[in-house]
Amino acid sequence: MSENNDNGILKKIRKKVHTAIKILNEEGICVFIHKLIIIFRNHVFKTSEYDIWIKQNEKEKTNNEKLQYSPLISVVVPVYNVSKKQLKDCIESVLNQSYDNFQLCLADDCSTMDEVREVLESYSDNPKIDIKYREKNGHISRCTNTAIEMAKGEFIAFMDCDDVLCDNALYEMAKKLNEDDYDFIYSDEDKIDEDGKKRHMPHFKQEWCPDTLMSNMYTCHFGMYRAGMVRELGGLRAGYEGAQDYDFTLRFTEKTDKIGHIPKILYHWRERKESTAINPGAKPYILEAARKSKEDALKRRGLKGSLELIDGIYQYRVKYDVVNNPLVSVIIPTKDNFEVFKRCIDSFLEKTDYKNVEFIVVDNGSSEENKVKYSEFCKSKDISYNYEKMEFNFSKMCNIGAKKARGEYYLLLNDDIEIIESQWLERMLGQAQLDHTGAVGAKLYYPDTKEIQHDGIILIKHGPVHCLAGESDDNIYYFGRNRLDYNYSAVTAACLLVSARKYKEVGGFNEELAVAYNDVDFCLKLIEKGYYNIIRNDAILYHHESISRGNDIEDSNKFERLMNEQKKLYDLHPEYKYSDPCYSPNLTQVKSDFSYNLKEY
C-alpha cells in the first residue's frame, strides 16, 4: 500500500514538473514567475486571483456625484423561507445604497418560517419599504408579480431574497441612464458563500449579445427594466418557475434594442446547497423551464429549430433549421498545396451532409505541374478552378471568388481545413439565415487532437487573438465559452459563412489587408452595420494551420508586416483598439484564456 502511495506521489510530481516546463517553454519566464506567485499566494496567504482583482479594482466603490437624471428605482424582491441573517443582509444592502431615490418592494409568498415575518415586520415603519403578505403560496413568478404591483418607480430591478447588492449598484444603474435612454441595463456579478464572507466565480459579461442570451441567461443579475414595458409584458409568467427571469428577459429584449451593460460587479449571488448558484442540477424543473422558454422564443420569432441538451452544462442549444435549401458557394484560396487541398475537398464531399454547394477555387499562381493537378482534379469534381498569377492577397482572392459565386451564401474556407463530422455546415447555415446574423464561425482543432486552434477572436491589448488557443476541448472553460454558442466581434476566415447580400453590403474583404486581420476587419464592418457575429461550437473542423500561407509568403520581416496591418485595422476601426464589446475589460489583456485582468502584468 505504501509503495502504491509513493508511486502515486511520484506521478503527481512528474506531472507538475512537466506542466512547469511546458509553461516555461511555451509562455515564457514572465508568465512562469507570475503563476508561481499566484500558487504561493493561494497556498500560503489563501489569496485567490479574484481576491487580487477585487483589491486592484474596487478601492473606491461608491460615488456621490450628482446626477442630472435620478429616476425612482423600485427593487422588487420575492421572499420565501429564507434565514433571518440572509434576509436582513439582502434588505440592508438595499437600504445602504449610495443612491437615495429607490423603493424596496418585498412580497412574502406565505413563508412557513416564523423568522421571515419577524424580519419583515421589523422594517414595516421604513418609508422606503413596501411589504405585502400573500394569502396563498404562488411560487416565485406570482410572488414577484405581487412585488411589481407595489412598484412606483420608473424602473424595476429584480433581486432574490438571499442575495446582496453592492452599495453602488443603484447609483451605477442611474449613472448609466444618464448616458443614454436605456430600457434594460444589466451588470456583472459574482457568488458569495452561505455566510456571505467569501466572494468568488465572477461573471464578467459581454455587452448586449442576442445569440449569447439565446444560449444561456448570461445577463442574469443585476438587471433593471423600464417599468412600463414590464407591465406591458404582464411581468413574469407562471409555469416557467426556475427560468422565469430568463423567459422574461427573452420576451423583453424582443421589444427593445436599448440595452446597456455595466462592466462592474454590482451583485453577489448567494450559494446555498439547494440553490442553482452552486448546483444547476439541484432543481431539475429549471432545465425544463429553460427549454420551454427557448421553444416559446422560437415560435414568437417565427423561427424553426430544435433543441439539444449540451452534456455537463445544463443548457439547451438551438439548432436552427435550414430554410429553402439555399446554394452555398464554397470559396477556397490556394496555391501549390494540391495534396492538402485535395484532402479538404475529399473530406468535404465525403462527410458533409448538406449537399447544395458549389466550389470556387482561386489559385494565385501554382507551378505548371501543380496547375495541371488542380485543373484535372477540379474538372473531375465539377469544380470552378480560377487561375490568376499574382502576389498573395487573401482578401483579393476571396473577392475574386465572390464575384464568380452564384450562391446565396458564401463559405470562405482555407484549403488546409479537414472536415471531420457531418452536420457542421447545416448548423452554421441555419444560424447564418437569421436576419441579425453577420459572420458565422466554427470551432477549429489542431489536426488529430481535441486541442483548440480557434474558438472566436477577441480584441485585446496585444491585438486580435484566437480564444482558448492551445487549450484542450475536453475541459469546459469560462462560462461554457467552448460549449455554448457565443457572439464574438470576429471569427476566422479559415472557415467563415456569411450571406452573399451581407458580404456585398459591407464591400467584401479589404484588399489593403492582404495577409493578416482582413477577417477581423470584415467582421467589424458587419458589426458596424448592426449584425452580430457568432461561433457555433457544434461545428467542429480540423485546421492544418497555415500550411498554404506559410509556403506562399516569403517575407523577411513578417512581424513588421503584421504590425503594419494591425495599425491599418485600428485606423479603420479606432473604437475597437483595446476595446471589444464581446469581451470584458475585466478579463486578461495579454492572453486568450479568460483569466482576470490583473495589473501585475
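Fair warning: this is a prediction, and the values are worked out from it, not measured in the lab. Worth knowing before you read on, the calculation uses all heavy atoms, side chains too, and leaves out hydrogens, waters and symmetry mates.
Contact between V82 and M113 at its shortest, heavy atoms only, is O-CE, 3.7 Å. Nearest heavy-atom pair across P202 and I265 is CB-CD1, 4.1 Å. For Q431 against T437, the heavy-atom pair with the smallest separation is O-OG1, 3.0 Å. The minimum heavy-atom distance linking K255 with R251 is given by the pair CG-O, 3.6 Å. Minimum interatomic distance between V79 and L106 (heavy atoms only, all atoms of both residues): CG2-CD2, 4.2 Å. Taking both residues in full, the closest heavy atoms of Y123 and K88 are given as OH-CE, 3.9 Å, listed atom of the first, atom of the second, then distance.
Heavy atoms of other residues, nucleotides or ligands lying less than 6.0 angstrom from CD of E135 number 12 at most. Counting heavy atoms of neighbouring residues, nucleotides and ligands inside a 6.0 Å radius, atom CG of D311 does not exceed 12 of them. For N324, the CG atom is loosely surrounded, since the number of other residues' heavy atoms within 6.0 Å does not exceed 12. When the shell of 6.0 Å around NZ of K319 is examined, it contains more than 12 heavy atoms from other residues, nucleotides or ligands. Other residues, nucleotides and ligands place more than 12 heavy atoms under 6.0 Å from the NZ atom of K450. Surrounding CG of D474 are more than 12 heavy atoms belonging to other residues, nucleotides or ligands, all under 6.0 Å away. The number of heavy atoms from other shown groups lying within 6.0 Å of NZ (K502) is above 12.
If you run side-chain contact (heavy atoms from CB on, under 4.5 Å) between E271 and each of K191, K198, E194, only K191 comes through. When each of N145, I286, L236 is checked for a side-chain contact (heavy atoms from CB on, under 4.5 Å) with Q244, only L236 meets the rule.
Using a 4.5 Å heavy-atom cutoff, the side chains of I535 and H454 are in contact. Side-chain contact between I527 and L524 is present, with heavy atoms from C-beta onward closer than 4.5 Å. Proximity of L307 to V318: side-chain heavy atoms (C-beta onward) are separated by under 4.5 Å at one or more points. Inter-residue side-chain proximity for S215 and Q315 is flagged as unmet; no heavy-atom pair is nearer than 4.5 Å. Counting heavy atoms from C-beta on, the side chains of L104 and N126 never come closer than 4.5 Å. K599 is not listed as a side-chain neighbour of I52, based on a closest heavy-atom distance of 4.5 Å or more. Considering only heavy atoms from C-beta on, L170 comes within 4.5 Å of V75 through its side chain. Taking the side chain as every heavy atom from C-beta outward, P78 and D109 never approach each other to under 4.5 Å.
By the 4.0 Å N-to-carboxylate-O rule, R536 lies close enough to D485 to be salt-bridged with it. Ion pair D473/R483 flagged as a salt bridge, since at least one NZ, NE, NH1 or NH2 atom sits closer than 4.0 Å to an Asp/Glu carboxylate oxygen. By the 4.0 Å N-to-carboxylate-O rule, K55 lies too far from D51 to be salt-bridged with it. A salt bridge is defined here as a Lys NZ or Arg NE, NH1 or NH2 lying under 4.0 Å from an Asp or Glu carboxylate O, and K292 with E295 fails to meet this definition. With salt bridges taken as basic N to acidic carboxylate O contacts below 4.0 Å, one links R226 and D183. Electrostatic pairing of E421 and R427 does not count as a salt bridge here, judged by no charged N lying under 4.0 Å from a carboxylate O. Ion pair D593/K591 flagged as a salt bridge, since at least one NZ, NE, NH1 or NH2 atom sits closer than 4.0 Å to an Asp/Glu carboxylate oxygen. Of the charged side-chain nitrogens involved, none lies within less than 4.0 Å of a carboxylate oxygen, so that D160 and R270 do not count as a salt-bridged pair.
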Worksheet item: What do the steps show when you test R134 against R142 for side-chain contact (heavy atoms from CB on, under 4.5 Å), and what is the final call?
Response: CA-CA 10 Å; R134 287 174 53 83; R142 293 186 180 92; 3.9 Å; yes
Discussion item. I'd like to know whether D190 forms a side chain to side chain donor-acceptor pair (under 3.5 Å) with H268, so could you lay out the CA-CA distance, the side-chain angles of the two residues, the decisive distance to 0.1 Å, and finally the verdict.
Written reply: CA-CA 5 Å; D190 63 12; H268 306 306; 2.6 Å; yes
Item to complete: Decide side-chain contact (heavy atoms from CB on, under 4.5 Å) for Y488 and I458; before the verdict, give the C-alpha distance in whole Å, the side-chain angles of both, and the deciding distance to 0.1 Å.
Response: CA-CA 7 Å; Y488 281 93; I458 53 177; 4.1 Å; yes
Worksheet item: Do Y246 and K294 pass the side-chain contact (heavy atoms from CB on, under 4.5 Å) test, and can you show the C-alpha distance, the side-chain angles, and the key distance before you say yes or no?
Response: CA-CA 9 Å; Y246 184 40; K294 291 185 179 185; 3.1 Å; yes
Item to complete: Before giving the answer on side-chain contact (heavy atoms from CB on, under 4.5 Å), spell out for H139 and Y80 the whole-Å C-alpha distance, their side-chain angles and the decisive distance to 0.1 Å.
Response: CA-CA 9 Å; H139 215 313; Y80 183 72; over 6 Å; no
Discussion item. Checking Y69 against E154 for the side chain to side chain donor-acceptor pair (under 3.5 Å) test, could you report, in this order, the C-alpha distance in whole Å, the side-chain angles of both residues, the deciding distance, and whether it holds?
Written reply: CA-CA 12 Å; Y69 173 49; E154 192 175 342; 2.6 Å; yes
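D211 and N487 are linked by a side-chain donor-acceptor pair at a separation below 3.5 angstrom, with hydrogens and angles left out of the test. Checked by atom type, the side-chain pair D245/H221 shows no donor-acceptor distance below 3.5 Å.
Within the 6.0 Å centre-distance limit, the rings of F158 and F248 are counted as a close aromatic pair. Checked against a 6.0 Å centroid threshold, the rings of Y182 and W208 do not count as neighbours. Between Y583 and F594, the distance separating the two ring centers is shorter than 6.0 angstrom.
Expressed to the nearest 0.5 Å, how far OG of S48 lies from OH of Y596 amounts to 7.0 Å. In this structure, CD in E207 is found 10.0 Å from OG in S489, a value given to the nearest 0.5 Å. Distance CG/L67 to NZ/K175: 8.5 Å, rounded to 0.5 Å. Rounded to the nearest 0.5 Å, atoms CG (L165) and CD1 (I91) are 12.0 Å apart. Atom CE of residue M150 and atom NZ of residue K132 lie 7.5 Å apart, to the nearest 0.5 angstrom. Separating the OG1 atom in T588 from the CG atom in L598 is a distance of 8.0 Å, to the nearest 0.5 Å.
Under a 3.5 Å cut-off, the side chain of S93 and the backbone N or O of V164 do not form any donor-acceptor pair. With hydrogens and angles disregarded, no donor-acceptor distance shorter than 3.5 Å links the side chain of S98 to the backbone of N168. In this structure, N96 contributes its side chain and E92 its backbone to a donor-acceptor pair below 3.5 Å.
The salt bridge (Lys or Arg N to Asp or Glu O under 4.0 Å) pairs that include a residue from residues 120-130 are D100-K128, R117-E121, D130-K152, where partners are two or more places apart or lie in different chains.
A cation-pi arrangement is not found for R481 relative to Y477, the charged atom failing to lie both closer than 6.0 Å to the ring centre and inside a 45° cone about the ring normal. Judged by the 6.0 Å and 45° rule, K205 forms no cation-pi pair with Y186.
Between F204 and W53, the ring planes lie tilted relative to each other; the angle falls in the 30° to 60° range. Using cut-offs of 30° and 60° for the angle between ring planes, the H203 and F479 rings count as parallel.
In this structure T249 satisfies the side-chain contact (heavy atoms from CB on, under 4.5 Å) test together with F184, L213, M217, T219, Y225, T253, sequence neighbours excluded.
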